[in-house]
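The analysis underlying the following values was restricted to heavy atoms, covering all of them including side chains, and did not include hydrogens, waters or symmetry mates. The residues of the chain are indexed from 1 along the displayed sequence. In each ligand, atom 1 is the first atom listed, and ligand 1 is the first ligand listed.
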Amino acid sequence: MGIDQQSLLATARHVAGEAAALVREASTGPGGHRRIDVATKSSETDVVTSVDRASEQRIRELLARLRPGEPMLGEEAATATGAAPCGEASVGPDSVTWVVDPIDGTVNFLYGYPAFAVSVAAQVEGRSVAGAVIEPMTGRCWSATRGGGAWLDGVRLRVSAPARLGVTLLATGFAYDAARRQRQARMITSALGNVRDIRRSGSAALDLCAVATGWVDAYCEHGLSRWDWAAGALIAEEAGATLSLPGDDPRLGADATLACAPSVADEVAELLVHCGAAEV
Ligand code: IPD
Ligand code: CA
Ligand code: CA
């Protein structure tokens with residue numbers, strides 16, 4: 001039968017766009033946390049809002065209609081049912097699984113800080129083949145197909161080319177578990193003197209898209225779930241980033257994600273190893 005990546009991409013863009021419209025409509029703007037009902041998940045700082053659930057539900061309904069029979073791994077259903085955060089890979093070369101983060105950057109959404117996104121990817125045997133990341137407050141849409149390049153609203157993307165480690169702008173993120181955050185902070189603190197500066201946007205999907213767009217030179221984070229990286233990592237890789245996904249490089253630790261401009265990829269990986277990435 002074979003996989004039609006363009007058709008998967010069209011579906012990813014469509015369903016992410018519909019969900020992004022819903023999220024935008026529900027956004028309360030500055031100080032939103034005073035008006036939005038929240039529940040907590042793995043820790044008191046790991047939150048879910050009714051809008052996360054509504055966005056995921058909308059995507060589930062649309063995919064059921066447009067792509068009947070194809071399973072969907074969505075963050076909120078998966079965390080509610082205790083499904084493995086790494087997710088189940090689809091089985092067989094013709095079998096597609098949809099991987100969805102209904103709002104990536106929920107804490108930003110909660111506060112009305114506009115850096116959050118809807119992320120939708122199609123995976124085959126655990127590898128992303130098409131994906132879209134849409135930022136509701138700007139309407140920006142990043143997308144990619146495997147082998148077909150990465151795009152931001154019709155413009156082809158190419159990662160940056162920093163000359164050396166010392167001028168590399170490094171994005172990162174932190175887990176919700178307090179003890180893990182401290183280990184992550186120790187690694188980043190010891191890396192900080194060797195790079196240009198650090199950025200923390202609050203959305204892993206947007207961080208990966210930022211690498212693709214050349215807005216940062218590299219992004220690393222430990223402990224991402226499949227829905228965090230499924231679309232963004234493909235977009236970064238298709239823009240030319242050197243990519244390491246959880247499990248790929250034991251020197252960086254078992255669950256590190258690293259997307260990096262190739263010109264400094266070895267230096268950044270070595271720096272993180274030197275700063276204790278494997279112990280994070
Ligand atoms: C989180 C964001 C954040 C990253 C966390 C993720 P959520 O996703 O992507 O930037 O640092 O690791 O869990 O909870 O907002 O969907
Ligand atoms: Ca997420
Ligand atoms: Ca989320």
Side-chain angles (χ1 to χ4, degrees), residues 16 19-20 22-23 26-27 32-33 36 38-60 72-80 83 85-87 98-121 128 131-137 142 170-185 187-188 198-211 215-216 218-233 235-236 245-246 253 255-259 280:
L22 178 156
V23 172
S27 157
H33 59 296
I36 293 179
V38 289
T40 56
K41 298 194 284 183
S42 65
S43 75
E44 72 173 340
T45 52
D46 182 8
V47 292
V48 58
T49 72
S50 55
V51 187
D52 295 76
R53 295 197 178 108
S55 172
E56 183 161 316
Q57 185 56 26
R58 181 93 184 99
I59 294 170
R60 193 174 293 282
M72 172 183 138
L73 175 73
E75 175 179 9
E76 304 312 338
T79 47
C86 292
W98 293 91
V99 183
V100 171
D101 196 332
I103 301 180
D104 185 53
T106 292
V107 173
N108 287 344
F109 172 76
L110 181 61
Y111 280 72
Y113 191 90
F116 47 86
V118 177
S119 172
V120 176
S128 301
V133 173
I134 299 187
E135 194 180 46
M137 302 314 286
W142 286 264
L170 174 66
T172 193
F174 301 102
Y176 288 115
D177 175 72
R180 189 148 220 218
R181 293 167 76 77
Q182 293 199 324
R183 294 197 296 278
Q184 291 172 315
M187 181 191 81
I188 288 297
I198 299 293
R199 294 289 180 268
R200 195 292 196 250
S201 79
S203 163
L206 291 177
D207 288 330
L208 287 160
C209 290
V211 173
W215 292 345
V216 297
Y219 161 69
C220 76
E221 181 166 346
H222 287 77
L224 292 186
S225 296
R226 185 172 289 266
W227 44 79
D228 296 313
W229 59 256
I235 292 164
L245 289 173
D255 62 0
T257 299
L258 174 60
V280 166

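Remark: T49 pairs with D52 by the side-chain hydrogen bond (donor to acceptor under 3.5 Å, both in side chains) rule, at least two apart or across chains. With sequence neighbours excluded, the residues satisfying ring-ring contact (aromatic ring centres under 6.0 Å, His included) with F116 are F109. Listed by chain and residue number, nothing satisfies the ring-ring contact (aromatic ring centres under 6.0 Å, His included) test with F174 (two or more places apart in sequence, or in another chain).
Considering T257, T172, L258, D255 as possible partners of H222, the one that fulfils the side-chain contact (heavy atoms from CB on, under 4.5 Å) test is D255.
The E221 neighbourhood of ligand 1 comprises atoms 4 (C), 5 (C), 11 (O), 12 (O), with distances under 4.0 Å to a heavy atom of that residue. Per-residue contacts place S203 under 4.0 angstrom from the following atoms of ligand 1 (heavy atoms of the residue considered): 9 (O), 10 (O). Listed by number with element, the atoms of ligand 1 under 4.0 Å from a non-hydrogen atom of D104 are 1 (C), 2 (C), 7 (P), 8 (O), 9 (O), 15 (O), 16 (O). Counting atoms of ligand 1 from 1 in the listed order, those under 4.0 Å from a heavy atom of G173 are 11 (O). Every atom of ligand 1 is numbered from 1 in the order shown, and the set under 4.0 Å from a heavy atom of D101 is 16 (O). Close contacts between ligand 1 and G202 involve ligand atoms 2 (C), 3 (C), 10 (O) [criterion: under 4.0 Å to a heavy atom]. The ligand atoms of ligand 1 that sit less than 4.0 angstrom from a heavy atom of A204 are 2 (C), 9 (O), 10 (O). Taking every non-hydrogen atom of E75 and a distance limit under 4.0 Å, the qualifying atoms of ligand 1 come out as 16 (O).
The side chain of D228, and not its backbone, has at least one atom closer than 4.0 Å to an atom of ligand 1 (non-hydrogen atoms only; side chain from C-beta on).
Summarising the geometry, atom CG belonging to D207 is positioned 11.5 Å from atom CZ belonging to R199; distances are rounded to the nearest 0.5 Å. Once rounded to the nearest 0.5 Å, the distance linking CG of L208 with OG of S119 reads 9.0 Å. Of the inter-residue distances, the one linking D101 atom CG with W227 atom CH2 reads 8.0 Å to the nearest 0.5 angstrom. E221 CD to M187 CE: the interatomic distance, rounded to the nearest 0.5 Å, is 9.5 Å.
Between L224 and ligand 1, no N or O atom pair is found at a separation short of 3.5 Å. For R200, a nitrogen or oxygen atom sits less than 3.5 Å from a nitrogen or oxygen atom of ligand 1, counting backbone and side chain alike. At least one N/O-N/O distance between G105 and ligand 1 falls below 3.5 Å.
Residue contacts with ligand 1 include Y176, since one or more of its heavy atoms lies under 4.0 Å from the ligand. Ligand 1 has no atom lying under 4.0 Å from any heavy atom of T172.
Side chains of T45 and S43: a donor-acceptor N/O pair is present below 3.5 angstrom, by distance only.
Minimum heavy-atom separation, L206 to A115: CD1-C, 3.8 Å. Contact detail for Q184 and G173: the closest heavy-atom pair is NE2-O, 4.0 Å.
The local environment of OH in Y176 is crowded, with over 12 non-hydrogen atoms from other residues, nucleotides or ligands closer than 6.0 Å.
Protein N/O/S atoms found under 3.0 Å from the Ca ion (ligand 2): D101 OD2, D104 OD1, D228 OD1.
Taking the side chain as every heavy atom from C-beta outward, C220 and L170 approach each other to under 4.5 Å.
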